[in-house]
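Below is one structure, written out as structure tokens; the observations come after it.
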Amino acid sequence: MQIGLGYAPVLEEKMRILVVEDEVKTADYLCKGLSESGYRVEVALNGLDGQHLVQEHEFDLIILDVMLPGLDGWQLLQIIRRKLQTPVLFLTARDAVEDRVKGLELGADDYLVKPFSYAELLARVRTLLRRGPPREVEQFQVADLHLDLLRRKVTRNGERLTLTNKEFALLHLLLSREGEVLSRTLIASHVWQMNFDSDTNVVDVAIRRLRAKVDDPYPLKLIHTVRGMGYMLEAQE
Ligand code: CA
């Protein structure tokens, strides 16, 4: 005889996916497929509707087409990333490497080149949803440099450094991507929310100011210029 343990059945809340895609056929196909796979799907047929939905509702994943009327996928992604860490899967029609790099630099989590199979899309969707939004790290430490995000406090060798808001944001970005070369366009879009086509000279100026406080007074240099590529923060031997 089995004794019931009295557990209430777990009603699984459906994961919510936003599809931003202007090709009605593709949008319908995605909506139908993902709904059948058990997701709750909202569709926006242009970038502005997509932006509106992102601002009004919470999603677990956003599937974003690059070529959209009004507001394109790049622009929408930049708007999303100012506030949200929701995983974004990019759909790109062209198999151009620059497109993929640009998408990933702007904060997309993965991309699919059209045409793709539904099975392929579903596999990516499942992986991204399992991964979930990255947890915000609050403390960063590289060598004797320390940044506390909550207290907005930066110290080096135990000495408190006074940074402007932009310098703090820039250092936070460099620390959160320690050991990675960050291009000027990526830095500009993260710290100043500037378009990637704008003049990125402002980045060089800000790096110089940041170095004057963070690196110049200390023997071990942490901020490195990578010729023709950008900047990187790392404790090199
Ligand atoms: Ca399109």
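Counting starts at 1 for both ligands and their atoms, following the listed order. We use all heavy atoms of the structure for the numbers below, so side chains are in, but hydrogens, waters and symmetry mates are not.
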Practice task
Considering just N/O/S atoms, say which atom of Asp22 is closest to the Ca ion (ligand 1).
Solution key: OD1
Problem - Of all N/O/S atoms in Asp65, the name of the one nearest the Ca ion (ligand 1) - result: OD2
Practice task
Answer yes or no for Met67: is there an N/O/S atom below the 3.0 Å cut-off from the Ca ion (ligand 1)?
Solution key: yes
Handout entry: Under 3.5 Å: donor-acceptor pair, side chain of Arg211, backbone of Ile223
Key = yes
Exercise for the section: Any chance you could measure Lys114, atom NZ, to Thr26, atom OG1, to the nearest 0.5 Å? Expected result: 5.0 Å
Problem - Polar contact flag, side-chain donor to acceptor under 3.5 angstrom, Tyr218-Glu159 - result: yes
Exercise for the section: For Lys213 and Thr162, indicate whether the former's side chain and the latter's backbone hold a donor-acceptor pair under 3.5 Å. Expected result: yes
